[in-house]
Amino acid sequence: MTPGTVDPDAIVWTHVRTEDWGGGDEHTYRAENVEHAGCGGDVHQVHLHDPLGALLGAHTHCAECGEDLTA
């Protein structure tokens, strides 16, 4: 996946897990219709929340090779 090759509004995200990262919840989502162009791995987006549920930040990475795909 390279920036500009996939319409972000067309990505279908599926929730795959929730973990407690020690300061709130970490929600991981997998892109159903996008693969990492570099290795074909699943594209994951991770959302970090505080203890009250507010979104602190998000990043996108390849689950196969770990490359940061955050645009």
Side-chain angles (χ1 to χ4, degrees):
M1 182 171 110
T2 57
T5 60
V6 176
D7 178 3
D9 294 328
I11 299 174
V12 177
W13 295 100
T14 299
H15 185 260
V16 292
R17 74 175 167 269
T18 299
E19 297 179 17
D20 183 349
W21 63 272
D25 287 336
E26 174 183 288
H27 297 276
T28 302
Y29 301 87
R30 180 172 47 90
E32 289 292 328
N33 53 344
V34 179
E35 292 181 344
H36 178 218
C39 70
D42 288 342
V43 174
H44 284 185
Q45 189 171 84
V46 178
H47 296 189
L48 296 175
H49 296 266
D50 71 11
L52 299 176
L55 182 64
L56 297 174
H59 69 275
T60 306
H61 68 275
C62 176
E64 182 72 26
C65 69
E67 182 176 340
D68 183 3
L69 304 173
T70 305

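Hydrogens, waters and symmetry mates play no part in the numbers below; they use all other heavy atoms, side chains included. For clarity, every value in this text was computed on a predicted model and none was experimentally measured.
Ring geometry, His15 versus His27: the interplanar angle falls from 30° to 60°, so the pair is classed tilted.
With a 4.5 Å cut-off on side-chain heavy atoms, Ile11 and Asn33 count as touching. A 4.5 Å side-chain heavy-atom check between His59 and Gln45 finds every atom pair outside the cut-off.
Among residues two or more places apart in sequence or in another chain, the side-chain contact (heavy atoms from CB on, under 4.5 Å) test is passed with Asp9 by Asp7. For His47, the ring pair (Phe, Tyr, Trp, His ring centres under 6.0 Å) partners are Tyr29, not counting sequence neighbours. The side-chain contact (heavy atoms from CB on, under 4.5 Å) search around His44 returns Thr28, Arg30, Asp42, His61, Ala63, not counting sequence neighbours.
For the salt bridge (charged side-chain N to carboxylate O under 4.0 Å, His left out) condition, the pairs that include at least one residue of residues 13-26, sequence neighbours left out, are Arg17-Glu19.
To the nearest 0.5 Å, atom NE2 of residue His36 and atom CD of residue Glu67 are 3.5 Å apart. Rounded to the nearest 0.5 Å, atoms CG (Leu56) and CG (Asp50) are 5.0 Å apart.
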* Verify side chain to side chain contact (heavy atoms under 4.5 Å, CB included) between Leu48 and Leu55, making sure each step is shown before the conclusion. => CA-CA 6 Å; Leu48 296 175; Leu55 182 64; 5.8 Å; no

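Here the shortest heavy-atom pairing between Gly41 and Cys62 reads CA-SG, 3.9 Å. Between Gly40 and Glu35, the closest heavy-atom pair is O-CD, 3.8 Å.
Tracing side-chain contacts under 4.5 Å through hydrophobic residues (I, L, V, M, F, W, Y), one reaches Val34 starting from Trp13; they form part of the same cluster.
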